[in-house]
Amino acid sequence: MKKLLLIAWKEITQRFTDPFILLLAIATPLTITALIKLSFGDVVLDRGTPDTKIAVGIVNQDRGGPWGNFGQTFVRVIIPGPETVEPPNRSETRFSQKTWFLSNDWHFALFAGRELKDEAQARRLVEREELTAALLIPPNFSQALATEGATVKVYINGRDSVRGIAFQITAETLANMISTSEVTVRTTVKALSSYPEVRTQLHHGWLNEPLTDLAIAAVQPEANPIKVQRISNVSSLVRLELTHYLAAAIAVLWIGFTGLVGSASLLQERAQGTLQRMYITPTRMEIILGGKTLGTYLLGLLQMAALIGGMDAVERILSSGPRQGPQINLLGLSMLALAVVTAATGFGVAIAGLARTYTQAANYGRAALMLMALVGGLFLPVELFPQPLQALSRVTFHYWALDGYWKLALGGNALSILPHALILGAMGLLFFALGGWLLRRRLGFS
Amino acid sequence: MAEIITVRKLSKRYHLPDGPLALNELDLHVQEGEIFSLLGPNGAGKTTLIAVLCGLFPPTSGEAIIAGYNVVQNPLAVKQIIGVVPEEIALYPQLTGRQNLRYFGQLYGLGGQELDKATADVLAVIGLTDRASDKVAHYSSGMKRRLNVGVGLLHKPRIVLLDEPTLGLDPESRRRILDLVLQLKQEGATILYTTHYMEEAQELSDRVGIIHHGQIIALGTPEELIQTMRGEDTLRLHIGTAKVSPSVLEAWQQVRGVKQVLLEGEVITISLPHAAEVLPEILRLADQAGLSVSSLMVQQPNLETVFLRLTGQRLTGATE
């Protein structure tokens, strides 16, 4: 045991006293993170899936107004179905007739919507996380739109707030379209009323009632925008920014490199004769391999800690506003870090076992890591991939590492990333077993 | 003196079943307290023998016993009592000289004050006390070679296996290492020393084994081996780049007393007794063949002569 720790300590000393390695392992990823932060700032990344629709609900209590039921427009767009293909009925406005096709637009197609009976049901389903969000349209919506201005409410499940916010944005877009349309009509009527003939008809009440109301409203000084009020069922919303995503991805990528380089250094030591020199001391090969691997593992953990701490510092220094989102669960993060480093170190041992030389291990290993990083979603969210590639991503440790981090960032705890930790740990053990067996054969010592 | 290293019919074939045979049923017996040199060219099997003795590779057949322990069956016990200085410099360049010594010392089980003292002693012996805190990457090749030796001696082993420890060294560093080996012998260590420098073997050794193609082909004290060549001189003729025809080599071979004629590049080596007596005849034949002799040298017998006589090859530059 003493020798095992000695060898592990030598690994750490050797690498942490090398400025070049420190530059490459710690300073480089932090610099990249800072550059990304400076370039992209607070860009929010939606991890919503085009393939897996976001479950939302809509409560339409709108009783309609002078020009029809605008609430029904929301229903038609958010709950696309066979009925939306049919022409709108007479009670709906020309606007809704023109907007039913929007349900085929890509961002509205993100949602799997259902109509709910009342506000209580909407709240309940959102709180139970059966729905990501729900839209509430009040009874006086269309009426208020013509007079003092309307308000709709959006309930959002805070644990899945990115998707919830996506729904809110969609609702706002739709509301703006309705509001803009109404303003356009008002402006047109106002312009028309400047003509003496039209004014005479208005004066004598020769126009029909809705048009008269509209004309009266049109001469009011202010338009009536629709307000979308967001209500979350958790106290603070999680804002997942692009920089957070990439920072986590960079950390996972770099840990992979550390595991690879550390484990492949066995082959480097063999080439420089120090592995043989260790072996001709009264030290068993298992102790030597174990010590080297332990050293690499501890180096990975130290690097992970340095990167997490460093990236947090970069975030604090470069962020303009107050810190968003809940505190990340430290127990969960520690579990995930241990598991990720296990998988990365194991992967390095397996590559070292497969390769003949250090150069071969480094080159092939780096290529494999980059490919796994790409498939595993480190550069692009896997949800954007076609289905077969999404399935393939599950065989990479990068996917489980990043997905676990997301779960934690969205407010998950140690229990919620336990499957991730177990899968990563199992991957690591599998790699260790394969690499250890190959290395013993490859090194050829007695 | 007791026998401390016993090697019986030891064979090592790399890449079974048809790979090269590095050791071919080699027999060797080294007495406690002696310096035994294995003299042979590159590829003769010296390094393979050291590797098998220190447990790096298992032999294909045969057995090796060190201080009563079989190297295959009891490798850890063997490793505890031997010190090995490998041919290649096997050090961590990113660590300092002292860190290297302490690291390997701890792997040998040293610790505390014992390790401190051993490190300080070795640094003094190899003359690196002043540079102990420098990274090995900044050492000269001579300093690295000395540290390489020092690591093998740190735990004061009873038996020291030195594999070409002076390879590529400057004269001063080589002298230091040779003196160190003699000092180790005075302190009672047994030394198995491999080299292809015949002067080193001749100066250091109590006994010399000449190894060729994985076998010991001659064994004895340097004097005994040279004695077998007594009365036999070596004549070296430098003939430049001129082309030497087989007929002139045959003519020299026919000169009275000539035992061997060897052409290597620009040098013709002729083994014969009493070179001075037939030198005019040899030069006449060279002149007749149109060869211009730029220099000639007559050597008294030495270990290289012995090797040359036994193998038909010179020590330096000969390969398997």
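In what follows, every chain begins at residue 1, and chains take the letters A, B, ... in the order their sequences are listed.
With a 4.5 angstrom heavy-atom cutoff, B:Glu88 does not touch chain A via any of its atoms. With a 4.5 Å cut-off on non-hydrogen atoms, B:Val78 does not touch chain A at all. Heavy-atom distances place no part of B:Pro75 under 4.5 Å from chain A, backbone and side chain included. Only the side chain of B:Leu95 comes within less than 4.5 Å of a heavy atom of chain A; its backbone N, CA, C and O stay farther away. Proximity to chain A is absent for every atom of B:Ile82, based on heavy atoms less than 4.5 angstrom apart. Heavy atoms closer than 4.5 Å to chain B are found nowhere in A:Ile287, neither backbone nor side chain.
Side-chain polar atoms of B:Tyr92 and A:Glu269 form a donor-acceptor pair below 3.5 angstrom.
Across A:Pro282 and B:Tyr108, no two heavy atoms sit closer than the pair CD-CD2, 3.4 Å.
Considering OG1 of A:Thr274 and CG of B:Leu91, their distance stands at 8.5 Å, rounded to 0.5 Å. Distance check, rounded to the nearest 0.5 Å: OH of A:Tyr279 to CZ of B:Phe57 gives 10.5 Å. How far CG of A:Leu5 is from CD of B:Gln106: 11.5 Å, rounded to the nearest 0.5 Å.
More than 12 heavy atoms of other shown residues, nucleotides or ligands fall within 6.0 angstrom of atom CZ in B:Arg13.
Residue A:Arg277 forms a side-chain contact (heavy atoms from CB on, under 4.5 Å) with just one option from B:Asn148, B:Val84, B:Leu107, and that option is B:Asn148.
Side-chain contact between A:Gln276 and B:Cys54: absent, with no pair of heavy atoms (C-beta onward) separated by less than 4.5 Å.
Among A:Arg284, A:Lys3, A:Gln14, A:Lys2, the residue making the largest number of heavy-atom pairs under 4.5 Å with chain B is A:Gln14. Per-residue counts of heavy-atom pairs under 4.5 Å with chain B were compared for A:Ile7, A:Thr13, A:Thr281, A:Thr283; the largest is that of A:Thr281.
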